[in-house]
Amino acid sequence: MDKPKNLVADDVVVGEGVALDIPPAGIALRIGAGAIDVIAAIITMIALSILFAVLPIPDEAIAHVLIITIIVTGLLLYPVTMETLTRGRSIGKFIFGTRVVRDDMGPSGLQQAIVRHVIGIVEIWMMSGTLGICAMLVTRKSRRLGDMAAGTVVIKERIPLKVQPPMPMPPHLQMWAHSADVASLPTGLALGIRQFIARRDSLHPQARNQLALHLARHAEQYVYPRPSGQVHPEDFLMAITAERARRDGLRIARNRRLSDRILHRTPSAHTLR
């Protein structure tokens with residue numbers, strides 16, 4: 001089956017065609033988080049300097065080694081360890097509600113953290129942050145050079161949840177939809193239908209009719225029997241989407257009631273409806 005052409009590649013798709021738009025962190029958030037992380041690294045180096053200052057140092061060579069150790073710990077070892085253990089977070093990112101993830105939205109690991117912070121020594125510390133800021137200004141997702149080399153992006157974690165309104169059921173198709181066998185639609189097709197219905201009023205009438213017919217022809221492969229008589233493709237798409245949502249809601253409610261009985265729990269508010 002051909003993939004509908006109106007999908008958004010940057011969306012993360014979950015459930016029955018619901019797209020979660022995970023926005024990248026803006027440059028202001030990144031600068032704020034970065035400033036706090038720089039301060040934390042400086043405090044780490046000062047603390048190590050005070051610790052080593054009270055230790056007896058036999059010769060100048062060992063003193064040079066200790067100085068290098070302090071610098072490497074503050075600029076590389078500390079941030080890499082922090083980002084790896086917290087799966088993409090640091091003190092600054094925790095405060096500003098951001099996190100480092102891979103390009104595919106998977107968790108960032110040790111390899112990505114090392115690459116980011118090795119390059120960060122140049123673009124943040126040696127260039128006083130100007131190189132990193134310039135890179136974030138010209139890239140689409142506010143990525144610095146370390147992000148591009150490591151294949152990572154910094155995203156917002158504290159974003160408002162946008163709940164999709166329920167799809168209305170065309171009244172003349174309600175009886176048919178309740179009795180029809182409506183299989184689960186492929187994620188791409190379900191998302192394409194939702195996006196089309198949400199944006200149909202902004203489409204040119206001819207393009208709107210063609211796209212509705214295109215999606216309906218793909219969707220009818222997952223529905224049996226077809227509704228009798230002439231049905232507008234948009235009504236057909238709305239009916240099967242609304243029916244799938246209704247059945248999923250009933251299934252979730254049944255599972256909750258069953259788990260409540262098995263675990264001898266008091267029925268929750270969701271199961272009392």
Side-chain angles (χ1 to χ4, degrees), residues 1-23 103-106 155-156 159-262 267-273:
M1 185 181 69
D2 295 333
K3 183 179 179 180
K5 299 180 178 59
N6 63 329
L7 304 184
V8 179
D10 290 339
D11 285 343
V12 176
V13 181
V14 297
E16 194 66 21
V18 178
L20 297 179
D21 183 18
I22 302 179
D103 284 337
D104 60 359
M105 295 300 162
I155 62 170
K156 296 179 184 177
I159 54 177
L161 177 63
K162 297 180 180 179
V163 180
Q164 293 282 350
M167 187 70 64
M169 169 69 74
H172 62 286
L173 293 178
Q174 185 171 2
M175 293 296 295
W176 163 80
H178 285 359
S179 60
D181 183 7
V182 184
S184 180
L185 302 180
T187 299
L189 178 59
L191 175 57
I193 293 172
R194 279 192 172 272
Q195 290 183 332
F196 163 73
I197 293 175
R199 303 171 184 174
R200 56 183 173 172
D201 292 336
S202 63
L203 299 176
H204 187 275
Q206 183 178 359
R208 175 174 173 171
N209 292 333
Q210 290 179 350
L211 185 54
L213 185 60
H214 171 77
L215 292 170
R217 285 175 177 171
H218 286 296
E220 67 182 4
Q221 303 176 36
Y222 302 92
V223 179
Y224 184 83
R226 287 272 336 251
S228 59
Q230 293 293 329
V231 176
H232 195 281
E234 291 185 21
D235 291 341
F236 173 71
L237 295 174
M238 292 175 64
I240 61 176
T241 304
E243 181 60 21
R244 283 297 312 172
R246 186 187 72 85
R247 295 182 185 183
D248 287 344
L250 293 175
R251 175 176 52 80
I252 292 172
R254 286 196 302 269
N255 291 341
R256 284 192 178 126
R257 289 194 294 268
L258 179 60
S259 63
D260 288 340
R261 287 197 299 267
I262 293 176
S268 62
H270 296 286
T271 63
L272 295 177
R273 291 183 295 182

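Values below: every heavy atom of this structure, side chains too, minus hydrogens, waters and symmetry copies.
Scored by the side-chain hydrogen bond (donor to acceptor under 3.5 Å, both in side chains) test, D181 finds no partners at all (sequence neighbours excluded). Judged as a side-chain hydrogen bond (donor to acceptor under 3.5 Å, both in side chains), and not counting sequence neighbours, Q210 has no contacts.
Nearest approach of P168 to A242, heavy atoms of both residues: O-CB, 4.0 Å. In plain terms, the two heavy atoms of I240 and A219 that are nearest each other are CD1-CB, 3.6 Å. Listed here is the closest heavy atom pair of A177 and A239: CB-O, 4.4 Å. The two atoms that bring P227 and L173 nearest to each other are CB-CD2, 4.1 Å, heavy atoms only. L185 approaches A190 most closely through the heavy-atom pair CB-CB, 4.1 Å. What you find for D235 and V231 is that their closest heavy atoms are CB-CG1, 4.3 Å.
The distance from the CZ atom of R199 to the CG atom of L211 is 11.0 Å, given to the nearest 0.5 Å. With rounding to the nearest 0.5 angstrom, the CD atom of E243 is 5.5 Å from the NE2 atom of H178. To the nearest 0.5 Å, atoms CG (L213) and CZ (F236) are separated by 11.0 Å. Rounded to the nearest 0.5 Å, atoms NE2 (H214) and CZ (F196) are 11.0 Å apart. One finds the CG atom of L258 at 5.5 Å from the CZ atom of R261 (value rounded to the nearest 0.5 Å). Distance check, rounded to the nearest 0.5 Å: CD1 of I252 to CZ of R247 gives 14.5 Å.
R217 CZ: 12 or fewer foreign heavy atoms inside a 6.0 Å radius.
No side-chain heavy atom of E234 sits less than 4.5 Å from a side-chain heavy atom of I197.
Note that R244 lies outside the cation-pi zone of Y222, set by a 6.0 Å cut-off to the ring centre and a 45° limit from the axis.
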